[in-house]
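First listed ligand is number 1; within each ligand, the first listed atom is number 1.
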Amino acid sequence: MQELFSVRDKVVHVSGGSRGIGLAIARAFHEAGARVVVSARNRDTLAATGLEYEVCDIRDSGQIRRCVERILERHGRIDVLFNVAGINYRHAAETYPEEKLDELLAINLRGNYLMAQACGRAMIAEGRGKIINVASLHTHFSLAGMAPYGATKGAIAAMTRALAVEWARHNIQVNAIAPGFIRTDLNRMLWEQEAIRQWVVERVPAGRVGAPEDVIGVALFLASAASDYMTGQVLYVDGGLTAGQTWPLTVPR
Ligand code: NAP
């Protein structure tokens, strides 16, 4: 049974692995004996992880190509890609700044696609692999002020299914994790507002905001042999938020 969930000696690339959800996954896999390489833009943040790293801005296809080549030079293969890098800007839909829209698309969609493509090519050559994209609550429903972000996260689910279908014959499984409200740098300003924190806690059936570590179990499942017959799926890790709501109805016990 332990073998089924083992990631020992697997070569795992975590794009967007310097902070937040990506870093929690990278640390857990390192502890589990995987050969982990994290990548992101900021070298200092990467170096502070203490993990093997590559500087790579996924807006730049040349950087993606070089990053993947260097991992292949050192480790010979890439068994698992966690495609975690992502950003968010919050503005009203009718005045959403065009340059922020372009940046969101360049990172959350185009960059994630190109990273999956580059790692996918190496996996096709190996005849196996696992790609785990990161979707969102916004894949399932909307919150005001984030129309372009939601559009990119809907696209991540579509991309996950499309790559899963196309690469199943190469023994590559492509799935996505859709985190709920997880406390990271991406949304730090939300948790500093008590009204927002309270709003979230009241609506999440689990009754709390998630931590990056809450995502590790599903990450391990999707990266290991335990999920070999599962592909093209989006798994929500959201404390029950997309399952439904509790409400102030009093019912007999
Ligand atoms: P975070 O703490 O801000 O971390 C984002 C990571 O992505 C960092 O490592 C960052 O490093 C990297 N990154 C950003 N732009 C990049 C680029 N152009 N090229 C390469 N790396 C880049 O965010 P997080 O909350 O962990 O979010 C991670 C993923 O989960 C995102 O896709 C996000 O949409 C998704 N998500 C988060 C939540 C949540 O509640 N936190 C919920 C649903 C989905 P650098 O800035 O140094 O590049």
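The proximity of Asn108 to ligand 1, defined as any non-hydrogen pair under 4.0 Å, does not occur for either the backbone or the side chain. Under 4.0 Å from ligand 1, the heavy atoms of Cys56 that appear belong solely to its backbone. At a 4.0 Å heavy-atom cut-off, ligand 1 touches Val84 through backbone and side chain alike. The residue Ala106 has no part lying near ligand 1, judged by heavy-atom distances below 4.0 Å.
Contact detail for Tyr113 and Leu163: the closest heavy-atom pair is CE1-CD2, 4.3 Å. Counting all heavy atoms, side chain and backbone alike, Leu51 lies closest to Ala26 at CD1-CB, 3.8 Å. Shortest non-hydrogen contact noted between Arg183 and Pro212 is O-CD, 3.5 Å. Taking all atoms of both residues into account, the shortest heavy-atom contact from His13 to Cys119 is ND1-SG, 4.0 Å. Smallest separation of non-hydrogen atoms from Ile124 and Trp167: CD1-NE1, 3.7 Å.
The nearest protein atom to atom 24 (P) of ligand 1, hydrogens excluded, is given as Thr184 OG1, 3.5 Å; this is a heavy-atom distance. Protein heavy atom in closest approach to atom 27 (O) of ligand 1: Leu186 CD2, 3.9 Å. The single protein non-hydrogen atom nearest to atom 44 (C) of ligand 1 is Ala135 O, 3.3 Å, given as residue, atom name and distance. Of all protein heavy atoms, the one closest to atom 14 (C) of ligand 1 is Arg41 NH2, 3.3 Å. When hydrogens are left out, the protein atom nearest atom 22 (C) of ligand 1 is Ala85 CB, 3.6 Å; that is the closest non-hydrogen contact. At the top of the distance list for atom 9 (O) of ligand 1, counting protein heavy atoms only, stands Ser18 OG, 2.7 Å. For atom 34 (O) of ligand 1, the nearest protein heavy atom (residue, atom name, distance) is Tyr149 OH, 2.6 Å. Scanning the protein for heavy atoms near atom 10 (C) of ligand 1, the closest one is Arg19 NH2, 3.3 Å.
Residue Ile182 approaches ligand 1 through these ligand atoms, each under 4.0 Å from one of its heavy atoms: 39 (C), 40 (O), 41 (N). Applying the 4.0 Å criterion to heavy atoms of Asp185 picks out, from ligand 1, the atoms 2 (O). Of all the atoms in ligand 1, the ones that sit under 4.0 Å from a non-hydrogen atom of Asn42 are 47 (O). In the vicinity of Gly20, heavy-atom distances shorter than 4.0 Å reach the ligand 1 atoms 2 (O), 26 (O). Each of the atoms 17 (C), 18 (N), 19 (N) of ligand 1 lies under 4.0 Å from some heavy atom of Asp57. Taking a cut-off of under 4.0 Å to the non-hydrogen atoms of Asn187, the atoms of ligand 1 that pass are 39 (C), 40 (O), 41 (N). In summary, the atoms of ligand 1 found under 4.0 Å from a heavy atom of Gly16, numbered by their order in the structure, are 6 (C), 7 (O), 9 (O), 12 (C).
Residue Val134 places a heavy atom less than 4.0 Å from ligand 1. Using a 4.0 Å heavy-atom cutoff, Ile107 is listed among the residues neighbouring ligand 1. Note on ligand 1: Lys153 sits in its first shell, one or more heavy atoms being nearer than 4.0 Å. Remark: distances from the non-hydrogen atoms of Gly180 to ligand 1 include one below 4.0 Å. The shortest heavy-atom distance from Gly210 to ligand 1 is not under 4.0 Å.
For the atom pair CD (Glu126) and NE2 (His170), the distance works out to 13.5 Å, reported to the nearest 0.5 Å. Rounded to the nearest 0.5 angstrom, Tyr149 OH and Ile87 CD1 are separated by 10.0 Å. Within the model, atoms OH of Tyr89 and CG of Leu104 stand 7.0 Å from one another, a figure rounded to the nearest 0.5 Å. Atom CG of Asn108 sits about 10.5 Å away from atom CG of Asn83, to the nearest 0.5 Å. Note that CE of Met115 and CD1 of Ile131 are 10.5 Å apart. Values are rounded to the nearest 0.5 Å.
The side-chain hydrogen bond (donor to acceptor under 3.5 Å, both in side chains) test applied to His138 returns no partner, not counting sequence neighbours. For Arg70, the side-chain hydrogen bond (donor to acceptor under 3.5 Å, both in side chains) partners two or more places apart in sequence, or in a different chain, are Glu54.
Here the rule is side chain to side chain donor-acceptor pair (under 3.5 Å) with Ser227, and of Gln173, Lys130, Gln233 only Lys130 fits it.
In the displayed structure, Gln245 atom CD is contacted under 6.0 Å by more than 12 heavy atoms of other residues, nucleotides or ligands. The environment of Glu166 atom CD is sparse: at most 12 non-hydrogen atoms of other residues, nucleotides or ligands sit within 6.0 angstrom.
Among the atoms of Phe181, none of the N or O lies under 3.5 angstrom from an N or O of ligand 1. At a 3.5 angstrom cut-off on N or O pairs, Ile58 counts as close to ligand 1.
When Gly86, Pro179, Gly111 are checked for heavy-atom proximity to atom 5 (C) of ligand 1, Gly86 turns out nearest.
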Quick one: do Val12 and Asp79 satisfy side chain to side chain contact (heavy atoms under 4.5 Å, CB included)? Show the steps, please. CA-CA 6 Å; Val12 178; Asp79 296 310; 5.7 Å; no
